[in-house]
Number of protein chains: 2
Amino acid sequence: MNSPSFRNWQSVQDEVLRRIHAREWKPGDLIPNEVDLALEFGCARSTVNRALRSLAESGLLDRRRKAGTRVTAQPVAKATLDIAVIRHEVEERGRKYGYQRIDCGLKIPPLAISGAMQTDADNPLLHVRALHLADDAPYALEDRWINTGVVPDALDEAFQTVSANEWLLKHAPYTHGDIAFSATAALAEEASILSCPKQSALFVIDRLTWDNTQAVTKVRLLFGPGHHLRTRL
Amino acid sequence: MNSPSFRNWQSVQDEVLRRIHAREWKPGDLIPNEVDLALEFGCARSTVNRALRSLAESGLLDRRRKAGTRVTAQPVAKATLDIAVIRHEVEERGRKYGYQRIDCGLKIPPLAISGAMQTDADNPLLHVRALHLADDAPYALEDRWINTGVVPDALDEAFQTVSANEWLLKHAPYTHGDIAFSATAALAEEASILSCPKQSALFVIDRLTWDNTQAVTKVRLLFGPGHHLRTRL
DNA sequence: AATGTTTTTATGTGCATACATATTCACCTG
DNA sequence: CAGGTGAATATGTATGCACATAAAAACATT
């Protein structure tokens, strides 16, 4: 029973992963406690702790004080999506990025918008629409409302060359956000902007960004047919 | 300049977050090193390390040895989606879960499937189609191919009452998976199963699960119109 | 049996220290 | 000046120890 040196937390983690995967420890099973594992692996308890904590964070282990550590029965796969600036997203795929502002101006928003952003119904917000291009073809249509009460500087911007997407990241701090993915059929105008048939199935990302209790911006991104959002898990 | 006790890593993290958010440390800025921060906060370096490492994991800080720690210029928002078993997903929304198997049998898969799964083109796979219901209304259509070479036990299952979704999680180990989200227009048969109009925009999740180098299963989930996948960031 | 109290136990965290490792930066050499 | 070399430095991690904390389990009390 030579223990081939599990002296760093990565290798401890690998070994634990191996045992889970090899079903030596089955889903739902209680695994040995940290002290015993440290003894077996010939390392410090804190090293084992680091490894197990990391696995718990990624959802493979369930840990509770006194109750011990067990293999998650039905691991909730955690797909981590990287929502980057659209320009980066396009360039990372090796395509040329392009940007066209469509329109921009202060407007009283629809009730659905002021409601979601919790602003007064008669309070005008900055509305910006723009098209993101990849290799000169339409990539995504951005429809955004900006709370000028929170980001007054946005009023001085026309978003002609810099997308609101990027400008806001640089100028508007935020604490958290809600994001939702869905599918919708292209309306006539949307279809014409994205140069796709009317009623095409579009991939949608809705994002609402908050600075503590105040909504900063609400954006809807419509992606042309065939768009895929991929990740690993 | 009283330092009101930053003696645990959470409060250190909160304070760092506050400074980033208050723009005392702006995007791109280099922040003080761990030793200095530990001194300022009156705690051990390892405590500061824990706090900063955690922030780096969530993408708010960029850390490099010797180069130091800086506030991420354009934070890549990491949206973590929890992809649970569909039954749990439905029940968590407080709705009644239902399940109907549509069909199930060994079949030679289309080339697109055998190609993606890297199985021989003439190798039959187990094909299962099923409908998931929420409050007796169609919720998601599951179309799945199972590699019986990897999960031979699946042949003994008819998936009449237990969904392949759940059965596999319990019986088939896997190491990793690819997942993709997109939108598609409902074909005639899909529309009829989901009882929605033909050509409706459906939300799609495609998942391909691997056990090391062998594909375990490939599944396509079609969600009815109006479905949203939400998360926080 | 129902309820409240104490003990036990596994994880969670903090600290001081030491050493590892990746980079940068300054310096040296041809 | 180009290019290589080595010192300096910030983060990364392992260790041993101590104590905190949650929660189960054992025990006592009514």
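Throughout, a chain's letter reflects where its sequence line sits, starting with A, and its residues are numbered from 1.
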*Inter- and intrachain pairs under ring pair (Phe, Tyr, Trp, His ring centres under 6.0 Å), touching residues 126-149 of chain B, at least two apart*: Tyr97(B)-His132(B), Tyr99(B)-His132(B), His127(B)-Trp145(B), Tyr139(B)-Phe223(B), Tyr139(B)-His227(B)
*Are Asp14(B) and Ser11(B) linked by a side-chain donor-acceptor pair shorter than 3.5 Å?*
no
*Could Arg87(A) and Glu91(A) be called an ion pair, given the rule that one side-chain N must be under 4.0 Å from one carboxylate O?*
yes
*Quick one: what's the B/S/- string for nucleotides 20-27 of chain C, heavy-atom cutoff under 4.0 Å, read 5' to 3'?*
-BBBB---
*Taking the nucleotide of DNA chain C with the closest heavy atom to each, which residue, Ser46(A) or Leu52(A), is nearer the 5' end?*
Leu52(A)
*Rounded to whole angstroms, how far apart are CZ on Arg53(B) and C1' on dT13(C)?*
12 Å
*Under a 4.0 Å N-O cut-off, is there an ion pair linking Asp143(B) with Arg220(B)?*
no
*In whole angstroms, how far is the C1' atom of dC15(C) from the CD atom of Glu34(B)?*
14 Å
*For residues Tyr174(B) and Trp210(B), establish whether the separation of their ring centroids is below 6.0 Å.*
no
_More than 12 heavy atoms of other groups within 6.0 Å of Arg7(A) CZ_ = no
*asked:* Distance check needed: dA10(D) C1' versus Asp62(B) CG, whole Å only.
replied: 15 Å
*Atom CD of Gln10(A) to atom C1' of dA14(D): distance rounded to whole Å?*
13 Å
_Nearest-nucleotide 5' precedence on DNA chain C, Arg50(B) against Arg45(B)_ = Arg50(B)
*May I have the distance from Asn8(B) (atom CG) to dA18(D) (atom C1'), rounded to whole angstrom?*
16 Å
*Is Thr47(B) touching bases, backbone alone, or none of the nucleic acid, heavy atoms closer than 4.0 Å?*
sugar-phosphate
*Can you tell me how far P of dA23(D) sits from CG of Asn33(A), to the nearest Å?*
18 Å
*Under 4.0 Å between a side-chain N/O of Thr69(A) and OP1 or OP2 of dT11(C), yes or no?*
yes
*Could Asp178(A) and Arg207(A) be called an ion pair, given the rule that one side-chain N must be under 4.0 Å from one carboxylate O?*
no
_d(CG, Asn49(A); C1', dT13(D)) in whole Å_ = 14 Å
_Nearest-nucleotide pick for Arg7(B), side chain only, options being dT13(C), dT15(D), dC15(C)_ = dC15(C)
*Separation of Leu37(B) atom CG from dT9(D) atom C1', in whole Å?*
16 Å
